[in-house]
Novice: 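Provided herewith is a single structure, encoded as structure tokens, for subsequent inquiry.
One-based numbering, in listed order, for ligands and for the atoms of each. Quick caveat, the model's predicted, so the values are computed rather than measured.
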Amino acid sequence: MTGETVTATHDVLLIGGGAAGLRAAIAIAETDPEIDVAVISKVYPMRSHTVSAEGGAAGVIADDDSIDEHIYDTISGSDWLGDQDVIEMFVNDAPKQLLQLEHWGCPWSRQPDGKIAVRPFGGMKKKRTWFASDKTGFHLLHTLFQTSLKYGEVKRYDEWFVTKLLVDEGRVQGVVAIELMTGRIHTIAAKSVVLATGGCGKVFPFTTNANINTGDGMGLAYRAGAPLKDMEFVQYHPTGLPFTGILITEAARGEGGWLINSEGYRYLQDYDLGQPTPEPKLRSMELGPRDRLSQAFVGELEKGRTIESPYGQVVHLDLRHLGEKKIEERIPFVRELCLKYERIDPVTDLIPVRPVVHYMMGGVHTDIDGATPIAGLYAAGETACATINGANRLGSNSLPECLVFGARSGRAAAEHSRSGPAAGLSAAAAAQAADEVRRIEQDLFGRDGSESVPAIRDEMQATMEAAAGIYRTGPELEAGRQALGELTERMAKIGVADAVRPFNTELTAALELDNMLDIARSMLHAGSVREESRGAHQRSDFPDRDDDRFLTHQLVHREADGSSRLEDLPVTITRWPPGERVYGR
Ligand SMILES: Cc1cc2nc3c(=O)[nH]c(=O)nc-3n(C[C@H](O)[C@H](O)[C@H](O)COP(=O)(O)OP(=O)(O)OC[C@H]3O[C@@H](n4cnc5c(N)ncnc54)[C@H](O)[C@@H]3O)c2cc1C
């Protein structure tokens, strides 16, 4: 294996071939064809998690909608933890990005008169979610991928796994990556690096996220000295299929689906979803924000009104009243998933569902342009925290987030690469690369490990579910931190038994687990200090929001000994002072 010698040099290196990474690649190629840009991805780009998004992408377009209303919904949905200047820019740019995709060939669903169709989505007062049937992510990613192919200058490293960022003199200088097909270790130098590595749902046992969503970018940035932000906010989606965690998209409720308990009762009317009057509630309660709906499930569980299933307690999603025609036309994929994975037909049967870990509001701390505190290092998409989502993301805001911030961080990274020093590694950065090769060769391959990756991963996931579920308490969070500390010590004793180099999944699983343990520890640290309930972070021991103490972001820094340190960062409030979360007015 090599690694110390530089294999390639680029102006901008994008890590990730999902929506954020590909949007950044196109933005750079469009800005200046002279810029040498490359996309590196641990899977073939079309297999990125973006492909599985179903419901849609938000952007103001309907006549009765307005930019200010989308801004307000996002701020209120974030429980006032989103930065309002960033949200304002995001909401203004989102429709432009979606229209740009239309011009690149994205087959958005239409109204009979040919205008873009929009559907209702949770926490959004107006219909503003663009969709391509219920395979929005597939069509969106395909559009970006095929567009990126137009630009021959975008070099791709498909199925390469980045294991380390090389940072010296306060700036990023490149990465170390494993070419999975051969197992060779390479060093790639770059003037700018954009992390677009997606979410980290696999930190938990039950998630809608793909197996590849292990938060690598967060782990890479954190270890390189860039702080993580808002890590205590993990979104549960209220409707996952039991056992598999496969998502039943919010579009199913957007199209009129109901949530009912063991008594066949639409139980959400008994809960405070932030809606002022009872009348509109019955019409729109299934479209309350995700955090509130997931919390209502726990309420039903406690009242004994959930339904026992082979895979734990569930409630039912009822689509039967929508009829076969509407289901086939608007949400055919929901039917397909139910038939294939549950052997039930939503046209005639109730769908068993329960809350499932879905999305990470926190991530690598960036500014409005995706810049991290490390010069030349940017982040965009789910791995970043820009921050528009605050304590709770609204459904369908994430795909446009990838587009808006992908393009923006790509342009900023290109600009940086034009002004910064020539690409190449300082002596210290080259030494870091050599250390990384040693870590993989000697610490992982070379050691006869007494601990196993699957065992530690299972324990980490169980710990996170117990410590940082829908409701949390101080003692649970502390116990979780203790357990994770012990798992981290055990992690030092793992070895990779499989000596075969090509596609060594035992090796990549070990590297991913390393990232996830850092992320898990940062989530619990931030969660234990936030003694209030806000959005997705619900502390049973501190049930109220506490703006006096906690209207603030928390940055998590990694110390030299591997421990974490928290720092407060003020939330940017511009035109919308903190208020009650009111939805469905
Ligand atoms: C089932 C599901 C449905 C969803 N539905 C919607 C929806 O309807 N609307 C909405 O707005 N949002 C939705 N979301 C959320 C949204 O899809 C994601 O937040 C978004 O697609 C993330 O895109 P991304 O570009 O940040 O990352 P991803 O699409 O996850 O891509 C990450 C990329 O990083 C690469 N990568 C990761 N680690 C490494 C490494 N170490 N080395 C090299 N490459 C690496 C991967 O190969 C991949 O190419 C959904 C999410 C899920 C899970």
Novice: Using a 4.0 Å cut-off on heavy atoms, what residues surround ligand 1? Order them by chain and number.
Specialist: Ile15, Gly16, Gly17, Gly18, Ala19, Ala20, Ile40, Ser41, Lys42, Val43, Ser48, His49, Thr50, Ser52, Ala53, Glu54, Gly55, Gly56, Trp160, Phe161, Val162, Ala196, Thr197, Gly198, Thr208, Asn209, Asp216, Leu247, His358, Tyr359, Gly381, Glu382, Arg393, Ser396, Asn397, Ser398, Leu399, Cys402
Novice: Go through the structure and list residues passing salt bridge (charged side-chain N to carboxylate O under 4.0 Å, His left out) with Arg335, not counting sequence neighbours.
Specialist: Glu324, Glu328, Asp345
Novice: May I ask you to say whether Arg439 pairs ionically with Glu436, meaning some side-chain N is under 4.0 Å from a carboxylate O?
Specialist: yes
Novice: Have a look at Leu99 and tell me which of Trp108, Trp104, Trp130 forms a side chain to side chain contact (heavy atoms under 4.5 Å, CB included) with it.
Specialist: Trp130
Novice: Checking Ser48 now: which residues fulfil side-chain contact (heavy atoms from CB on, under 4.5 Å) with it, not counting sequence neighbours?
Specialist: Val43, Leu141
Novice: Using 4.0 Å as the upper bound for N to carboxylate O, is an ion pair formed by Glu179 and Arg501?
Specialist: no
Novice: Not counting sequence neighbours, which residues clear ring pair (Phe, Tyr, Trp, His ring centres under 6.0 Å) with His358? List them please.
Specialist: His237
